[in-house]
Amino acid sequence: MKSKRHAKILEIIAKYNIETQEDLSDRLEREGFQVTQATVSRDIRELKLTKMPGNAGRQKYVALNETHADMSEKYNRIFKDGFVSMDMAQNILVLKTASGMAMAVAAALDAMDCHEIVGSIAGDDTIMCAVRTVEDTEVLMERLRKIVES
């Protein structure tokens, strides 16, 4: 039953702009699935659904693996929204973010597959990234500048 419900959920979000768990529950019930809010919430988590911009600035559910381009755009937007400044100290890149945004920006960096970064530590408004080499740090900073300026 669960696998059928999951398949139906993926079909529904591909076909309709589903903005809320309630919208999804309603659609599932129309398709013959009796679900609770807790079940829908768990299904969303298990299917790794996320929200992306839809029509008229509204959000809609999509599967995380739906399109790499859409996810790249989302991570770039998170990075741009939180970014304040960056500086380097040899092979350490220090990013300053808006207050409370360091964790989100660090997660976006992780998702961007910045192969130059060996690891990072995020606080409230600062991220320290250990980068492989000084040259890699310069290359990475240029790539991140392009994202911010786009």
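Note that the coordinates shown come from a computational prediction; the quantities given were computed from them, not determined experimentally.
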Criterion side chain to side chain contact (heavy atoms under 4.5 Å, CB included) on C129 and E116, from CA distance to verdict: CA-CA 9 Å; C129 301; E116 302 90 347; over 6 Å; no
Please check if M128 and L109 belong to a single hydrophobic cluster, counting links between Ile, Leu, Val, Met, Phe, Trp and Tyr side chain heavy atoms closer than 4.5 Å. no
For A63 and L10, work out which heavy atoms get closest and say how close. CB-CD2, 4.0 Å
Side chains of T20 and D23, heavy atoms from C-beta outward: is any pair under 4.5 Å? yes
State, with a plain yes or no, whether a side-chain heavy atom of I18 is found less than 4.5 Å away from one of L49. no
Answer with yes or no whether the hydrophobic clustering places F83 together with V139; edges join I, L, V, M, F, W, Y residues whose side-chain heavy atoms lie under 4.5 Å apart. no
Working for side chain to side chain contact (heavy atoms under 4.5 Å, CB included), residues I13 and L47: CA-CA 12 Å; I13 65 169; L47 289 168; over 6 Å; no
Taking atom CD of E29 as the centre, report whether more than 12 heavy atoms of other residues, nucleotides or ligands fall under 6.0 Å from it. yes
Which is it for D125 and K96 under the side chain to side chain contact (heavy atoms under 4.5 Å, CB included) test, yes or no, and what are the steps along the way? CA-CA 6 Å; D125 65 355; K96 296 299 270 181; 4.0 Å; yes
Establish whether Y16 and V40 are linked, either directly or via other cluster members, by ILVMFWY side-chain heavy-atom contacts under 4.5 Å. yes
d(E19 CD, K51 NZ) to nearest 0.5 Å is 7.5 Å
Shortest non-hydrogen separation from A108 to F79 and the atoms involved: CB-N, 4.4 Å
Using a 4.5 Å cut-off on heavy atoms from C-beta on, say whether the side chain of R58 contacts that of N17. no
In the structure I gave you, are the side-chain heavy atoms of N91 and D136 within less than 4.5 Å of one another anywhere? no
Heavy atoms, side chains only, cut-off 4.5 Å: are V118 and R132 in contact? yes
Contacts of E135 that satisfy salt bridge (Lys or Arg N to Asp or Glu O under 4.0 Å) - sequence neighbours left out: none
Supply the atom-to-atom distance I147 CD1 to M112 CE, rounded to the nearest 0.5 angstrom. 4.5 Å
Does atom CD of E142 have more than 12 heavy-atom neighbours, drawn from other residues, nucleotides or ligands, at distances under 6.0 Å? yes
Report whether L93 and M103 are members of the same hydrophobic cluster (ILVMFWY, side-chain heavy atoms less than 4.5 Å apart, transitive linking). no
Can you list everything that forms a salt bridge (Lys or Arg N to Asp or Glu O under 4.0 Å) with E46? Sequence neighbours excluded, please. K2
Give, for atom CZ of R42 and atom CD1 of I44, the distance between the pair rounded to the nearest 0.5 Å. 11.5 Å
With rounding to the nearest 0.5 Å, note down the distance linking CZ in R77 to CE in M52. 6.5 Å
K48 side chain near T50 side chain, heavy-atom distance below 4.5 Å: no
With a 4.5 Å heavy-atom cut-off, do M88 and V131 have their side chains touching? no
Does one hydrophobic cluster hold both V134 and M86, with members joined at side-chain heavy-atom distances below 4.5 Å? yes
Minimum heavy-atom distance I127-A106, with the two atoms named: CD1-N, 3.6 Å
Closest heavy-atom pair and its distance - A102, G123: CB-O, 3.2 Å
State which residue, out of K8, H6, Q21, fulfils the side chain to side chain donor-acceptor pair (under 3.5 Å) condition with D43. H6
Between T126 and V94, is the side chain to side chain contact (heavy atoms under 4.5 Å, CB included) condition met? List the steps. CA-CA 7 Å; T126 306; V94 178; 3.8 Å; yes
Which value, rounded to the nearest 0.5 Å, describes the distance between L140 atom CG and I117 atom CD1? 5.0 Å
Atom pair CG/OG1 of L144 and T137 - distance to nearest 0.5 Å: 10.5 Å
